[in-house]
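First comes the structure, then the notes that go with it.
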Amino acid sequence: MAESTRQINYTQEDVNNGKTMTILAYLIFFIPLLMDDMKRNNFVMFHTEQGIALFILNILAGILGTVTCGIGLILYIPWVIFLIMGIMNASKGSVTPLPLIGQFGEKFNLVK
């Protein structure tokens, strides 16, 4: 898949105001979507997009795990790795997409 060339415009103030919310976006992605001030923060919305892509991977892992009698549960290993990577990126103030699934987050078009 092609890497994203999208530029995210955010300030250090966006990072400082939204760092906690970006970490939360990986665990419970819809919380930042409920807060108006966070919807205007491009840094938070980028990580919310990544959190939604990660959530979809979690659902796919569960479905494949059920259908294949547990073999699909192997997808939980990259899910945990991507979760840790996303939280680390958010805590550092970085807007690096997650490997393999990060480009799908851009499809949600939350960053305006």
Side-chain angles (χ1 to χ4, degrees):
M1 297 263 168
E3 277 297 313
S4 174
T5 57
R6 171 172 79 155
Q7 294 290 343
I8 308 296
N9 296 322
Y10 66 99
T11 64
Q12 187 61 39
E13 183 180 344
D14 289 340
V15 173
N16 293 339
N17 292 338
K19 197 175 280 191
T20 303
M21 197 57 63
T22 58
I23 293 169
L24 188 61
Y26 285 99
L27 302 172
I28 310 169
F29 73 87
F30 60 87
I31 298 294
L33 296 173
L34 299 174
M35 302 177 73
D36 286 335
D37 57 334
M38 292 299 137
K39 285 185 192 177
R40 292 186 294 271
N41 187 325
N42 287 340
F43 180 69
V44 172
M45 287 298 103
F46 172 81
H47 286 287
T48 302
E49 289 174 347
Q50 299 296 295
I52 293 170
L54 194 60
F55 177 72
I56 291 171
L57 177 64
N58 188 2
I59 290 174
L60 289 174
I63 291 170
L64 284 174
T66 302
V67 171
T68 61
C69 297
I71 295 171
L73 295 177
I74 293 172
L75 285 177
Y76 279 115
I77 295 169
W79 179 80
V80 169
I81 292 169
F82 293 158
L83 176 68
I84 292 169
M85 288 175 70
I87 290 172
M88 287 175 55
N89 285 338
S91 65
K92 289 189 302 187
S94 172
V95 289
T96 307
L98 296 173
L100 302 174
I101 64 168
Q103 67 221 11
F104 297 112
E106 185 176 338
K107 307 275 189 256
F108 299 109
N109 200 24
L110 295 176
V111 177
K112 305 290 182 213

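All figures in this text were calculated on a predicted structure; none of them were measured in a lab. Index from 1, following the sequence.
Residues in residues 88-98 take part in no salt bridge (Lys or Arg N to Asp or Glu O under 4.0 Å) pair, two or more places apart or across chains. The ring-ring contact (aromatic ring centres under 6.0 Å, His included) pairs that include a residue from residues 66-102 number zero, where partners must be two or more places apart or lie in different chains. Here salt bridge (Lys or Arg N to Asp or Glu O under 4.0 Å) pairs that include residues 47-66, with residues two or more places apart or in two chains, are R6-E49. Annotation: side chain to side chain donor-acceptor pair (under 3.5 Å) contacts involving residues 18-43, sequence neighbours excluded, comprise Y26-H47. For residues 64-91, no residue pair satisfies the salt bridge (Lys or Arg N to Asp or Glu O under 4.0 Å) rule, not counting sequence neighbours.
Separating the CE atom in M21 from the CG atom in N17 is a distance of 11.0 Å, to the nearest 0.5 Å. One distance of note links CD1 of I101 with CG of L54; it measures 4.5 Å at 0.5 Å rounding. The CD atom of E106 lies 9.0 Å from the CZ atom of F46; values are rounded to the nearest 0.5 Å. To the nearest 0.5 angstrom, M45 atom CE is 12.5 Å from Q50 atom CD.
In this structure, the side chain to side chain contact (heavy atoms under 4.5 Å, CB included) partners of I56, at least two apart in sequence or on a different chain, are I52, L60, F108. For the ring pair (Phe, Tyr, Trp, His ring centres under 6.0 Å) test, residues two or more places apart in sequence or in another chain that qualify with F29 are F55. With sequence neighbours left out, the side chain to side chain contact (heavy atoms under 4.5 Å, CB included) criterion links N16 to Q12.
For the residue pair A53 and G105, the shortest heavy atom distance occurs at CB-N, 4.1 Å. Residues V44 and P32 share a closest heavy-atom pair of CG1-CB, 3.7 Å. Taking both residues in full, the closest heavy atoms of L75 and A61 are given as CB-CB, 3.6 Å, listed atom of the first, atom of the second, then distance.
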Name the atoms and distances for all side-chain donor-acceptor pairs under 3.5 Å in residues 62-72, with sequence neighbours left out.
unit_1 : atom_1 : unit_2 : atom_2 : d
T66    : OG1    : G62    : O      : 2.9
T68    : OG1    : L64    : O      : 2.4
T68    : OG1    : I71    : N      : 3.4
T68    : OG1    : G72    : N      : 2.9

Only pairs under 3.5 Å count here: list side-chain donor-acceptor contacts from residues 83-91, not counting sequence neighbours, and write none if there are none.
unit_1 : atom_1 : unit_2 : atom_2 : d
N89    : ND2    : M85    : O      : 3.4
N89    : ND2    : T96    : O      : 3.4
S91    : OG     : I87    : O      : 3.2
S91    : OG     : M88    : O      : 2.9

Legend entry - Criterion side chain to side chain contact (heavy atoms under 4.5 Å, CB included) on I8 and F43, from CA distance to verdict: CA-CA 8 Å; I8 308 296; F43 180 69; over 6 Å; no

